[in-house]
Amino acid sequence: MILEEVNSCPICQGKQFTTLHTCKDYTSSGETFQVLQCKSCSFALTSPRPIESESGKYYQSRQYISHQTTATSAFDRIYLAARSFTLNWKYNLIRPYTRGSLLDVGCGTGAFLHYCQKKGIHVTGVEPSDARLSISGITTYKTLKEVPAQPFTVITLWHVLEHIYPLHETIHHLTRHLAENGTIFIAVPNRLSLDAKTYANTWAAWDVPRHIWHFSEENMKDLIHRCGLQVKEIIPMKLDALYVSLLSERYLGRSKTPAFRAIRGMYQGLRSNLSARKNGQYSSLIYRITR
Ligand SMILES: [Zn+2]
Ligand SMILES: [Zn+2]
């Protein structure tokens, strides 16, 4: 495996970093990766990281189920049930802004696109992995670059930007495809949430080395403003605190039985949401962005 170091912060071009965490890849390789933090703007990133052309290998795992549609364990079944609830929730969130056309970047097997298509929205997807090949009846592209120059009123990236190597280039591509009064929704984990602090380096949303960027609210606003866009609203994803905490308990492995792990995970998830009611630091945040 060829690794590369990130020498300069993609947000502020800072060159000095401190080590924030040493995290393990629990779902695929079992390897260890460092999460570094930029000394000048606090942005966090995985470094060294796999080079982009080899990063696909780290997605090949039985446990990486976010792109699959069949469930094996009880945990996976809960995950898929929550996902169907979330599909409807996301649809209701974007509906006031769609006015007809949607581009979903990192669409996986296309669950969200199919859902929106049934509701009468004209949908297009981008997905670099082979998951794309299982999508039928929807126009999809392997990369953003291949999408024809047509304006979309809504562009969504649900837990995708933290995986994408060319950060600025991607946001500029999104801007090119955005209708004049269009809206971009970007959902990413929040490394300043209480569940992130509680689980420290076993927090499931570090998800190294698939997650190469680790945002705080400040980091995202900084990036978006530097790209000439505006953050209009920040919306919490409360279910993520539970999902991420359950997964983190599994990685932590301190409970002997799955039932104890589930109780502990639920407790930490609820605790995170409760504390976020005061400071807004939910486990995952959605940024509603416009020109
Ligand atoms: Zn920086
Ligand atoms: Zn992710």
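In each ligand, atom 1 is the first atom listed, and ligand 1 is the first ligand listed.
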query = Are Tyr251 and Tyr199 close enough that their ring centers fall under 6.0 Å?
reply = no
request  = Give the ring-plane orientation class for His214 versus Trp206, where under 30° counts as parallel, over 60° as perpendicular and anything between as tilted.
outcome  = perpendicular
message = If I take the Zn ion (ligand 2) as the centre, what angle separates the NE2 atom of His211 from the NE2 atom of His163? Nearest 10 degrees is fine.
response = 100°
task = Report yes or no: does His159 have an N/O/S atom closer than 2.8 Å to the Zn ion (ligand 2)?
result = no
ask   = With under 30° as parallel and over 60° as perpendicular, where do the rings of Trp158 and Phe112 fit, or are they tilted in between?
value = perpendicular
note = Note: SG(Cys41)-the Zn ion (ligand 1)-SG(Cys12) angle, rounded to 10 degrees, equals 110°
Presence of salt bridge, Glu31 and Lys24, under 4.0 angstrom = no
message = Within rounding of 10°, what is the angle whose vertex is the Zn ion (ligand 1) and whose arms end at SG of Cys38 and SG of Cys9?
response = 110°
